[in-house]
Amino acid sequence: AAKYAGKGKFTVFEPAMGERIRDREHLKADLRATLQTMEDLFVFYQPIVEIQTRRVTAREALVRWYHPDRGWISPAEFIPVAEESGLIEPLGRFILHRACADATTWEDEERVAVNISAAQFGGGMLVDSVREALEETGLRPDRLEIEVTETALLGSDQGVIEDFGKLRALGVRIALDDFGTGYSSLAHLRAYPFDKIKIDGSFVRDAVTRPDCAAVVKAIADLGRRLGVTTVAEGVETQEHLARVTEEGCSEIQGYLIRKPGPSERDAPRVEAINRALRLKQQKS
Ligand code: C2E
Ligand code: MG
Ligand code: MG
Ligand code: MG
């Protein structure tokens with residue numbers, strides 16, 4: 001946006017509030033179109049591993065969108081757009097269904113962990129789509145885990161707690177995601193009995209250099225043990241990270257050290273083709 005900066009001068013700072021808003025509108029329109037077919041939406045999976053046994057206990061479902069002009073778009077970018085436009089509901093329904101369907105093909109019957117955003121809670125839609133996804137795919141309810149972030153619980157009302165109760169009654173497990181990054185973390189633990197606490201990757205990475213962060217990780221792991229709750233260290237990228245969180249008493253890990261999120265077997269060929277085309281395009285430009 002041009003701004004008058006005195007005596008006949010215009011400068012271009014404040015780069016682009018208007019542009020950003022237009023960008024978001026475009027993204028919203030494109031997402032709406034994509035949701036008609038779901039063709040460019042993929043669900044990737046990343047294993048979560050028990051430290052003691054090295055066994056994969058679950059795989060987290062992480063949505064990916066391939067945009068023909070923009071390439072891969074991160075969920076951190078388009079989930080908020082979906083939330084504010086009501087598109088999170090069809091999107092969330094699709095992800096739940098796809099994740100449950102994929103999990104039925106896993107030989108070792110690991111659990112599948114699906115992220116649910118704040119906007120999906122309350123109002124009855126969430127519990128309905130979970131029930132539907134389980135019924136239509138035949139996935140055993142105790143193999144589904146719902147991940148909810150602390151920030152999603154901010155100012156959470158009775159509706160969220162009621163949904164938790166209904167999900168639990170179905171046999172579904174509930175994990176508290178990104179623990180430690182939101183407000184009043186401990187209040188959330190008192191308000192609801194979670195099955196799993198996921199310690200945010202920022203603590204894990206800092207724990208190797210900062211004794212205070214290591215102490216926080218240990219405190220959460222101890223708390224988990226006392227509560228009988230699994231504690232997962234997120235964002236474990238190196239052996240050093242692993243050694244540290246093992247030392248502090250976490251029960252499970254997730255991160256690039258084990259594996260980056262990747263497509264299902266069914267989607268792998270298409271994703272490889274897309275990435276090949278992207279590399280070619282990059283080489284040309
Ligand atoms: P999250 O649920 O905390 O997921 C973990 C994020 O950390 C993922 O980013 C994952 O790819 C990334 N990650 C895993 N291991 C490592 C590591 O070792 N180092 C680093 N630096 N990062 C690692 P992603 O896939 O980009 O997702 C970002 C966030 O978007 C998720 O955070 C979640 O809050 C949201 N999200 C992703 N998929 C969905 C979805 O299907 N539905 C909803 N509502 N939200 C989703
Ligand atoms: Mg998560
Ligand atoms: Mg997380
Ligand atoms: Mg996160």
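Remember, it's 1-based here, ligands and their atoms both numbered in the order they're listed. Since we're looking at a predicted model, the values are computed, not measured.
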Ignoring hydrogens and angles, tell me if any N or O in the side chain of Asn115 forms a donor-acceptor pair with the backbone of Ala61 under 3.5 Å.
-> yes
Just by distance, do the side chain of Asp200 and the backbone of Ser202 share a donor-acceptor pair under 3.5 Å?
-> yes
Of the listed options Tyr256, Phe78, Trp72, Phe94, closest to atom 13 (N) of ligand 1 (non-hydrogen atoms) = Tyr256
Of all the N, O or S atoms in Glu60, the one nearest to the Mg ion (ligand 2) is OE2
Glu234 near ligand 1, heavy-atom distance under 4.0 Å?
-> yes
Nearest-0.5 Å distance that lies between atom NZ in Lys28 and atom CG in Asp30 = 12.0 Å
Does Gly201 have a non-hydrogen atom less than 4.0 Å from ligand 1?
-> no
Shortest-distance N/O/S atom, Glu234 versus the Mg ion (ligand 3) = OE2
Gln46 near ligand 1 by a heavy-atom separation under 4.0 Å = yes
How does Arg98 reach ligand 1, by side chain, by backbone, by both or by neither, if only non-hydrogen atoms under 4.0 Å count?
-> neither
Tell me yes or no: between the side chains of Ser129 and Glu132, is some donor less than 3.5 Å from an acceptor?
-> no
Hey, mind stepping through Thr231 and Arg225 against side-chain contact (heavy atoms from CB on, under 4.5 Å) and telling me if it holds?
-> CA-CA 8 Å; Thr231 47; Arg225 208 169 302 106; over 6 Å; no
Check if Glu83 has a non-hydrogen atom at a distance under 4.0 Å from any atom of ligand 1.
-> no
In terms of atom number and element, which parts of ligand 1 are under 4.0 angstrom from non-hydrogen atoms of Glu237?
-> 17 (C), 18 (O), 19 (N), 20 (C), 21 (N)
Would you please determine whether Glu60 falls within less than 4.0 Å of ligand 1 on a heavy-atom basis?
-> yes
Return a yes/no value for Arg64: is any of its N or O atoms, backbone included, closer than 3.5 angstrom to an N or O of ligand 1?
-> yes
4.5 Å side-chain heavy-atom contact, Leu41 and Leu35 | yes
Which of the N/O/S atoms in Glu147 sits closest to the Mg ion (ligand 2)?
-> OE1
Atom 44 (N) of ligand 1: of Gly235, Ser117, Ala233, Pro80, the nearest heavy atom sits on Ser117
Is the distance between the Mg ion (ligand 2) and the nearest N/O/S atom of Asn115 smaller than 2.8 Å?
-> yes
From Val63, Val204, Leu257 - option closest to atom 39 (C) of ligand 1 by heavy atom = Val63
Between CG of Leu176 and CD of Glu147, what distance do you get to the nearest 0.5 Å?
-> 9.5 Å
Supply the atom-to-atom distance Arg168 CZ to Tyr192 OH, rounded to the nearest 0.5 angstrom.
-> 4.5 Å
Report yes or no: does Thr238 contribute a side-chain atom to a donor-acceptor pair with the main-chain N or O of His241 at less than 3.5 Å?
-> yes
Taking just the N, O or S atoms of Asp177, which one is nearest to the Mg ion (ligand 2)?
-> OD2
If we only count heavy atoms from C-beta on, is the Pro80 to Arg24 side-chain gap below 4.5 Å?
-> yes
From Leu62, Thr181, Ile79, Thr149 - option closest to atom 10 (C) of ligand 1 by heavy atom | Leu62
Which ligand 1 atoms does Asp178 reach within 4.0 Å, using its non-hydrogen atoms?
-> 3 (O)
ILVMFWY cluster, Ile73 and Val81 together (side-chain gap under 4.5 Å) = yes
Do any N/O/S atoms of Asp178 come under 2.8 Å of the Mg ion (ligand 3)?
-> yes
For the pair Asp267 and Arg270, evaluate salt bridge (Lys or Arg N to Asp or Glu O under 4.0 Å) and give the outcome as yes or no after the intermediate values.
-> CA-CA 6 Å; Asp267 284 340; Arg270 243 192 96 205; 5.5 Å; no
Of the side chain and backbone of Leu91, name the one, both, or neither that has a heavy atom under 4.0 Å from an atom of ligand 1.
-> neither
Under 3.5 Å, side chain of Arg143 to main-chain N/O of Glu110, donor-acceptor pair present?
-> yes
Identify which of Val236, Asn115, Ile73, Val148 has a heavy atom lying nearest to atom 46 (C) of ligand 1.
-> Asn115
